[in-house]
Amino acid sequence: MEVFTAFVSWPLAPLTDRLVRNALDTISPKPTVVTSLDPDLVASPGRLLQWATYDALDHDLTFSQTPGTTVLSSSYVIRKALIRKHFLSRCVHNYLTKHPDSILSWGVPRTWELELSFADELDELWGDDLYDLSDEIDNDDPSKWWILKPGMADRGMGLRLFRTKEQLQAIFEEFEQDESEEDDEEVQDAGRRDTAVVTSQLRHFVIQEYLGNPLLLDPAEVPLDGSQAPPSGDLHGHKFHLRVYCVASGAIKVYVYDRILALFSAVPYIPPSQQECDESTGELDLAAHLTNTSLQTDRGEAGVRLLDELVGCHVLSSPAHGPGRQQPKPRRAMGQAMDPESIAAAKREQAEDVLDAQYPKMTSDDILQIKRQISDVLSETFKAAVEMSVHFQPLPNAFELYGIDFVVTHDPSLDAPQKFQVKLLEVNSEPAIELTGPRLTWILEDLFKAIAKTCVTPFFADDGSPIREAVQAWQVGEVRENLRKCLDLQVRGTQGW
């Protein structure tokens, strides 16, 4: 393989910059790294890799087909169908219209899209775009809640829970009030966990059905400091979401990174129907529901675990159905006295047996099934995006890393088709990987090296080389470099253009 030039620029993400440079160091021969695109390089790029933040990329070079040049870029130019919540909702809806049996029919929460700039526009929407949601809300089911999300915000900004039309109206009025206060002075309400937004600047919103049956685990069962896990009586169910790193390459292959993060809420879960609203603001405390690490920076990595580390944790979502079995008493010989330490140990063992009977443990097979569901949902999601070609255009000379969020629901009933089901929440470009924390930075190092080996090296390798042939022989479902291939499509003709 001939040497190439690598343009690397991540001015606001020093960790990403370091990971990219370390990954490039594993390529032989090592590329020549530059930190800017000078006019001479743009005029004659030769063999060029652009592995930089989206705004720093020269997208004209990505589209260029000048003879004698070979350019690979680290982002698709057009991908709103994935990374904007309202576009993703529309994308999934359109796909399900054509493919009603797709896994997306249950792998994505029910979603409504709305566009408004002022709160008083909401009345008209109830009779138009939101008519079916209006009917559901009017049924006044106390167990039904909904979550509002700005279509273009991230890191938990603007998330709100509501159950009634009046509550949603109050939320938009609150956004308008925040805007008027910002006109006079900078106001930041710490009690809202820094999630305020300005409605007139974020016209697009989605409303999703709140998933009231999340899988609940206690991250304390996986201690970070080498200490003992808490006793069974001190366990509390916490909500969490999964951060899945996914790499799309060319036009188009999709790989799911097998090392998945579980990001836990700061406080134990309580259903919104059992919460009381704050007397001063009338809002619910979202601490039990928000699992975004950017809203919990004071916790560091205390709420971050690997999904694989959760094997053996008790499933605290709900007790197992059916009567608990009678627990046997500790064995001992007839008439044999027990010392205090033995009695205490026997009581602990008995308590663990009772807990195991009520709350089964996560198994390695449970984790494997969750990973397989994630791969299947992502495969269908990218197929849906490809069919929305105006807003997602994969190119053969581009690749991109996404951070994709899932929540896992739990249905312990005996007639449930699957007790754990993954639900796609959102797709993030240029994910905030620094929130992973130092303990698990090694998985990011491994990920970026895998991207270099899977997406970069084969692109610049010679035709017919073993490196290219190995990637071409990679089958869907096969795992290499801790990347599970979940999709392989040919888009835009035989060469991907």
Side-chain angles (χ1 to χ4, degrees), residues 79 81-83 85 87-111 208-209 211 213-215 240-262 306-308 310-311 362-388 392 394 400-411 416-428 431 447 450 454 474-491:
R79 70 271 207 266
L82 290 171
I83 66 173
K85 297 180 186 67
F87 278 99
L88 179 61
S89 169
R90 199 179 311 165
C91 171
V92 171
H93 173 78
N94 293 345
Y95 187 75
L96 287 176
T97 301
K98 302 175 184 178
H99 310 279
D101 296 329
S102 167
I103 193 174
L104 298 184
S105 62
W106 58 261
V108 178
R110 289 190 300 155
T111 306
Q208 286 186 338
E209 181 179 23
L211 302 173
N213 58 332
L215 171 61
F240 66 96
H241 81 267
L242 299 178
R243 166 50 62 94
V244 179
Y245 292 115
C246 170
V247 184
S249 178
I252 182 175
K253 298 175 176 62
V254 180
Y255 307 89
V256 180
Y257 189 47
D258 207 44
R259 294 181 173 126
I260 297 172
L261 298 175
L306 279 175
L307 177 61
D308 291 331
L310 303 181
V311 173
M362 291 290 290
T363 66
S364 56
D365 186 62
D366 292 331
I367 301 299
L368 180 59
Q369 291 301 320
I370 288 173
K371 289 182 177 181
R372 286 175 175 170
Q373 284 186 44
I374 287 171
S375 293
D376 292 342
V377 169
L378 285 181
S379 174
E380 289 290 280
T381 300
F382 275 87
K383 287 180 184 177
V386 166
E387 291 194 7
M388 199 177 190
F392 180 62
E400 187 159 13
L401 172 66
Y402 299 97
I404 303 180
D405 293 336
F406 288 85
V407 71
V408 184
T409 59
H410 178 207
D411 183 352
Q418 298 180 79
K419 61 180 178 180
F420 302 133
Q421 289 189 351
V422 301
K423 309 285 186 178
L424 173 67
L425 298 181
E426 62 184 46
V427 179
N428 301 281
L447 169 61
T454 304
W474 196 333
Q475 299 297 310
V476 171
E478 185 180 355
V479 179
R480 302 184 192 175
E481 309 296 329
N482 292 299
L483 295 174
R484 181 188 303 272
K485 191 176 190 179
C486 68
L487 181 65
D488 191 343
L489 285 180
Q490 187 67 51
V491 182

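For reference, positions follow the sequence shown, starting with 1. Every value quoted in this text rests on a predicted model; they were computed, and no experiment measured them.
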field: Exceeds 12 heavy-atom contacts within 6.0 angstrom, atom NE2 of His99
entry: yes
For a 4.5 angstrom cut-off between non-hydrogen side-chain atoms, does [X] reach [Y]?
| X | Y | answer |
| --- | --- | --- |
| Asn213 | His410 | no |
| Val247 | Tyr257 | no |
| Asn482 | Arg259 | yes |
| Met362 | Leu215 | yes |
| Lys85 | Gln208 | no |
| Phe382 | Cys486 | no |

- prompt: Does the side-chain contact (heavy atoms from CB on, under 4.5 Å) test come out yes or no for Leu104 and Val377, once each step is laid out?
  reply: CA-CA 6 Å; Leu104 298 184; Val377 169; 3.9 Å; yes
Please report the interatomic distance [atom1]([X]) to [atom2]([Y]), rounded to the nearest 0.5 Å.
| X | Y | atom1 | atom2 | answer |
| --- | --- | --- | --- | --- |
| Leu242 | Asp405 | CG | CG | 9.0 Å |
| Asp376 | Thr381 | CG | OG1 | 10.5 Å |
| Leu425 | Ile404 | CG | CD1 | 11.0 Å |
| Lys253 | Gln490 | NZ | CD | 7.0 Å |
| Asp258 | Leu306 | CG | CG | 10.5 Å |
| Phe392 | Cys91 | CZ | SG | 9.0 Å |

- request: Answer yes if the side chains of Asp366 and Thr363 hold a donor-acceptor pair under 3.5 Å, and no otherwise.
  value: yes
For residues [X] and [Y], report the shortest heavy-atom separation together with the two atoms involved.
| X | Y | answer |
| --- | --- | --- |
| Ser105 | Leu96 | N-CD2, 3.6 Å |
| Leu487 | Ser379 | CD1-OG, 3.7 Å |
| Leu211 | Pro109 | CD1-CG, 4.0 Å |
| Ser249 | Tyr255 | CB-CE1, 4.2 Å |
| Gln421 | Trp106 | OE1-CE3, 3.6 Å |
| Val427 | Tyr402 | CG1-CD2, 3.8 Å |

task: For the pair Leu82 and Glu400, evaluate side-chain contact (heavy atoms from CB on, under 4.5 Å) and give the outcome as yes or no after the intermediate values.
output: CA-CA 12 Å; Leu82 290 171; Glu400 187 159 13; over 6 Å; no
- prompt: Knowing that exactly one of Lys383, Glu387, Glu380 qualifies, which makes a side-chain hydrogen bond (donor to acceptor under 3.5 Å, both in side chains) with Tyr95?
  reply: Glu380
- request: Give a yes or no on whether the backbone of Phe420 and the side-chain of Gln373 come within a donor-acceptor separation of less than 3.5 Å.
  value: yes
task: Output, in order, the C-alpha distance, side-chain angles, deciding distance and verdict of side-chain contact (heavy atoms from CB on, under 4.5 Å) for Ile260 and Phe406.
output: CA-CA 10 Å; Ile260 297 172; Phe406 288 85; over 6 Å; no
task: Would you sort out whether Thr111 and Val92 count as a side-chain contact (heavy atoms from CB on, under 4.5 Å), showing the intermediate values?
output: CA-CA 10 Å; Thr111 306; Val92 171; over 6 Å; no
